[in-house]
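As structure tokens, the structure follows; a few thoughts come after it.
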Amino acid sequence: MGDILSALSIVFGILFAIFLQWFPDISKASKTKYNPDKAQDIDFVTTTQRYKVAPLLVASLVLTFIILPLFVDIVWESLVILYMHSYNAFAHYDIILSVILYISCLSITLSWYLVSCFLKMRKELKKKP
């Protein structure tokens, strides 16, 4: 499990670093409303959606789908341990599994945010004649 945690940490760290670098542009573009008088805003939203949000969204979804089976397995195993050991379940605590769950939750949240930004931008760009 330590190798899996190391790999997930590196991949998620790179993905999140790129996201933080592009976050101001993504945030601004997702809040931009369509205005036919401002062509530069439309171009900004289009380029941000194509060259920043879309690649990050694909990478984040791929990471999420790779982690998802492990996430479900860990949650299921934790519920079984909780059911079998009741109050003594904390004696079976594993920090590595907890961190993997945390990274999984962050990955799912990042994917959800990027999907919502992508759809907002797409909705605004569809207003363009």
Side-chain angles (χ1 to χ4, degrees):
M1 280 296 181
D3 294 338
I4 294 172
L5 178 60
S6 297
L8 286 177
S9 298
I10 290 170
V11 171
F12 186 76
I14 292 169
L15 184 66
F16 202 70
I18 295 170
F19 171 73
L20 287 177
Q21 183 70 29
W22 289 345
F23 179 73
D25 290 341
I26 293 171
S27 179
K28 181 180 174 187
S30 66
K31 293 176 184 172
T32 302
K33 299 294 181 195
Y34 175 73
N35 186 352
D37 298 332
K38 295 186 177 179
Q40 69 270 17
D41 285 350
I42 297 168
D43 292 340
F44 175 71
V45 172
T46 304
T47 22
T48 303
Q49 183 188 29
R50 281 189 189 155
Y51 300 113
K52 292 184 180 178
V53 176
L56 271 176
L57 177 59
V58 169
S60 179
L61 286 175
V62 166
L63 179 62
T64 300
F65 288 129
I66 288 172
I67 294 176
L68 203 55
L70 183 61
F71 177 79
V72 171
D73 187 43
I74 292 171
V75 169
W76 179 256
E77 182 181 325
S78 300
L79 291 174
V80 167
I81 289 173
L82 185 63
Y83 177 76
M84 291 177 65
H85 298 285
S86 187
Y87 295 109
N88 295 329
F90 291 108
H92 300 278
Y93 179 75
D94 188 358
I95 188 73
I96 293 175
L97 296 179
S98 300
V99 174
I100 290 173
L101 282 177
Y102 180 69
I103 291 173
S104 302
C105 291
L106 288 176
S107 178
I108 291 167
T109 305
L110 180 63
S111 296
W112 173 78
Y113 177 76
L114 289 171
V115 165
S116 67
C117 287
F118 186 84
L119 293 177
K120 281 181 196 175
M121 290 179 205
R122 186 174 175 201
K123 182 180 171 186
E124 289 302 317
L125 288 174
K126 281 192 172 189
K127 294 179 183 177
K128 184 173 78 169

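As the structure is a prediction and not an experimental result, all values here were calculated from the model.
- For Q40, the CD atom counts as densely surrounded, since its 6.0 Å shell holds more than 12 non-hydrogen atoms of other residues, nucleotides or ligands.
- By the 30° and 60° cut-offs, the orientation of the rings of F19 relative to F16 is tilted.
- Of all non-hydrogen atoms in L15 and A59, the two that sit nearest each other are CD1-CB, 3.6 Å.
- One finds the CG atom of L63 at 6.5 Å from the CG atom of L8 (value rounded to the nearest 0.5 Å).
- Taking both residues in full, the closest heavy atoms of V53 and M121 are given as CG2-CE, 3.5 Å, listed atom of the first, atom of the second, then distance.
- Here the straight-line distance linking atom CD1 of I18 with atom CG of L56 works out to 6.5 Å at 0.5 Å rounding.
- Contact detail for T64 and S111: the closest heavy-atom pair is OG1-OG, 2.9 Å.
- In the hydrophobic cluster analysis, where Ile, Leu, Val, Met, Phe, Trp and Tyr join through side-chain heavy atoms closer than 4.5 angstrom, V62 is grouped apart from I67.
- Side-chain N or O atoms of S30 include one that pairs as donor or acceptor with a backbone N or O of I26 at under 3.5 Å.
- Shown here for E77 and L97, the closest heavy-atom pair between the two residues is OE2-CD1, 4.2 Å.
- Ring-plane geometry between F23 and Y113 is classed as tilted, the angle between the planes lying from 30 to 60 degrees on a 0 to 90 degree scale.
- Residues W22 and L110 share a hydrophobic cluster, clusters being chains of Ile/Leu/Val/Met/Phe/Trp/Tyr side chains in contact below 4.5 Å.
- Among all heavy-atom pairs drawn from A54 and F118, the shortest one is CB-CE1, 4.2 Å.
- Between the side chain of S9 and the backbone N or O of L5, at least one donor-acceptor pair lies under 3.5 Å.
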